[in-house]
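Worksheet for the structure shown next.
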There are 2 protein chains.
Amino acid sequence: MFSQSEENYIKAIYHLGVEVTKGISTNAIAKRLETKASSVTDMIKKLSEKEVVVYKKYQGVTLTDFGKKTAANIIRKHRLWEVFLVEELNFSWDEVHEVAEQLEHIKSPKLIDELDAFLGYPKRDPHGDPIPDKDGNLPQIQKSLLATLQKNEKGVCVGVNDTSSEFLRFLDKQEIGLGQDIEVLDKEPFDDSFLVKINGKEITISNKVANNIYIQKK
Amino acid sequence: MFSQSEENYIKAIYHLGVEVTKGISTNAIAKRLETKASSVTDMIKKLSEKEVVVYKKYQGVTLTDFGKKTAANIIRKHRLWEVFLVEELNFSWDEVHEVAEQLEHIKSPKLIDELDAFLGYPKRDPHGDPIPDKDGNLPQIQKSLLATLQKNEKGVCVGVNDTSSEFLRFLDKQEIGLGQDIEVLDKEPFDDSFLVKINGKEITISNKVANNIYIQKK
DNA sequence: ATAAATTTTTAGGCAAGACTAAAAATTTAT
DNA sequence: ATAAATTTTTAGTCTTGCCTAAAAATTTAT
Ligand SMILES: [Mn+2]
Ligand SMILES: [Mn+2]
Ligand SMILES: [Mn+2]
Ligand SMILES: [Mn+2]
């Protein structure tokens, strides 16, 4: 069994390691967990002894298969709880993260499977992120950033990159959410902003925003 | 905010303090939490500084009003989660304790109120114990031990004293549960056992068992 | 009332997980 | 290629929460 702290490190390493072949740097982990590099080195050594990561001094870390599976399980719990909070307890998608961050550490073999069944085996969390299955398999869907769409292309919103409350509330205000159809009417070369049609309305979206919305082209 | 450990101490002191006017002894707390007396003394000092308990050396501790309210809130969370596990996630009443012991420490103002509403504001947990309201008020019901019933008296099962898995599974086997009608047909002076009628069946119940079942006379 | 037994506290330590400051290694710039 | 900058590790410390062993206080027995 892993401590809460160990689990947070494992999850951080997993997330930092998506689409990266090299070892994850000490500093990157420290930054993500808002801690100091020296603390990370300490923890890395422990995780290395527990065979969760492979670690060579100054080379960064990589998750072992065991580590990846462990990470997937924590993420599975995190995302299932997020679904529960939004679907059953009236949380909005910008309120769930902090609580799920705690709930993901609850240890109970039965709890998470029953929760999964109770929720109807959801495939994605409230932010559009896929929920790993019991064996840690994570279904990848094909998605692209709204920013990559060309003029007159259409897509449907399937996720967000930035999951901060600020951004999510901004999207709420603009009436942008998962499943929403989005059409690029025009691109402004001056500031790379987008004129899009959402919900029948035409609105302007900054490049930064367009780079934080995932869509599926259609 | 209190740490998980602090919360467990507060809860233990609360439970030990029910119907006791004197201070709760260090040893009693140690026994309940399966820890050492010296550890208890350490923690007691900390809780005393935080004004959760009143403590005089060698005199045991008493919860302050603030401490009582804090305890009630933890117990509220524990019991609401137990209801959730049994009512929604197919846990049986002997499986919930360990998980609720973890869930009770989740910090979220919104979570527990929404859970309460989601569950339909339950008044009692799966073991018949009352659920404190938001302000820490705990409705006391009138209940007595089955062992206090006289021959030919009847009652309905409203709770259990021992909440161990062993005892609860034993009750399941005997088909004894909350809401069950129980009639004392006879008392055996030799071993103080009881002949009772439950579910139309006549069964013999040891004195020990009779001292762990709460009933409401009728 | 004194002695014995029990309870409680103190003293000293340990492990986890964090931190600061300094040393060592690596990477980047010139 | 060397120097400068950056990253990473080490060394030493701190807090929390636990432990054992011993001392002190209280309670119980004679
Ligand atoms: Mn977490
Ligand atoms: Mn999410
Ligand atoms: Mn607990
Ligand atoms: Mn209960």
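Side chains included, hydrogens not; waters and symmetry mates left out as well; all remaining heavy atoms used. So that the names make sense, note that chain A is the first sequence line, chain B the second, and so on, each numbered from 1.
Among residues two or more places apart in sequence or in another chain, the salt bridge (Lys or Arg N to Asp or Glu O under 4.0 Å) test is passed with A:D172 by none.
One can place CE of B:M43 at 15 Å from P of C:dT9, the figure rounded to the nearest angstrom. Remark: P of C:dA15 and CG of A:D42 are 15 Å apart, rounded to the nearest angstrom. Taking atom CD of residue B:E6 and atom P of nucleotide D:dT16, one finds them 9 Å apart after rounding to whole Å. With rounding to whole Å, B:E34 atom CD is found 12 Å from D:dC18 atom P. For the pair A:N8 CG and C:dA18 C1', the interatomic distance rounds to 14 Å; values are reported in whole Å. In this structure, B:K56 places its NZ atom 16 Å from C1' of D:dT26, rounding to the nearest Å. Taking atom CE of A:M1 as the reference point, atom C1' of C:dA16 lies 18 Å away to the nearest angstrom. Counting to the nearest Å, the P atom of D:dT15 and the CZ atom of B:F2 are 20 Å from each other.
B:Y9 has a side-chain polar atom (N or O) that falls below the 4.0 Å cut-off from OP1 or OP2 of D:dC18. Between D:dT26 and B:K57, no contact under 4.0 Å exists linking OP1 or OP2 to a side-chain N or O. For C:dT6, neither phosphate oxygen OP1 nor OP2 lies less than 4.0 angstrom from any side-chain nitrogen or oxygen of B:N27. The side chain of B:K36 contributes an N or O atom lying less than 4.0 Å from OP1 or OP2 of D:dT20. The phosphate of C:dT9 has neither OP1 nor OP2 within less than 4.0 Å of any side-chain N or O from B:K45. In this model, the phosphate group of D:dC18 is approached by a side-chain N or O of B:S5 to a distance below 4.0 Å at OP1 or OP2. Taking side-chain N and O atoms only, B:Y58 has no distance below 4.0 Å to OP1 or OP2 of C:dT6.
Applying the ring-ring contact (aromatic ring centres under 6.0 Å, His included) test to pairs two or more places apart or on separate chains, none has a residue in residues 15-63 of chain A.
If you check every strand for non-hydrogen atoms under 4.0 Å, A:S39 touches a base. At the heavy-atom level, A:T26 lies under 4.0 Å from the strands shown only through sugar-phosphate atoms. Counting any heavy atom pair closer than 4.0 Å across all strands shown, B:T35 reaches sugar-phosphate atoms only and no base atom.
In terms of position along DNA chain C, the nucleotide closest to A:Q4 lies nearer the 5' end than the nucleotide closest to the other residue of the pair A:Q4 and A:Q59.
Side chain of B:D116 to backbone of B:I112: no donor-acceptor contact under 3.5 angstrom is found.
Using the six-membered ring where Trp is involved, B:F84 and A:F118 have ring planes that are perpendicular, over 60° apart on the 30 and 60° scheme.
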Determine whether B:H105 and B:Q4 satisfy the following criterion, side-chain hydrogen bond (donor to acceptor under 3.5 Å, both in side chains), listing intermediate values before the conclusion. CA-CA 6 Å; B:H105 303 293; B:Q4 210 151 310; 4.6 Å; no
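Judged by Watson-Crick or G-U wobble contacts below 3.5 Å, the nucleotide C:dA15 has D:dT16 as its partner. A 3.5 Å limit on both hydrogen-bonding distances identifies D:dA5 as the Watson-Crick or G-U partner of C:dT26.
With ring centers used as reference points, A:H97 lies under 6.0 Å from A:H78.
For A:S38 against C:dT20, a side-chain-to-base donor-acceptor contact under 3.5 Å is present.
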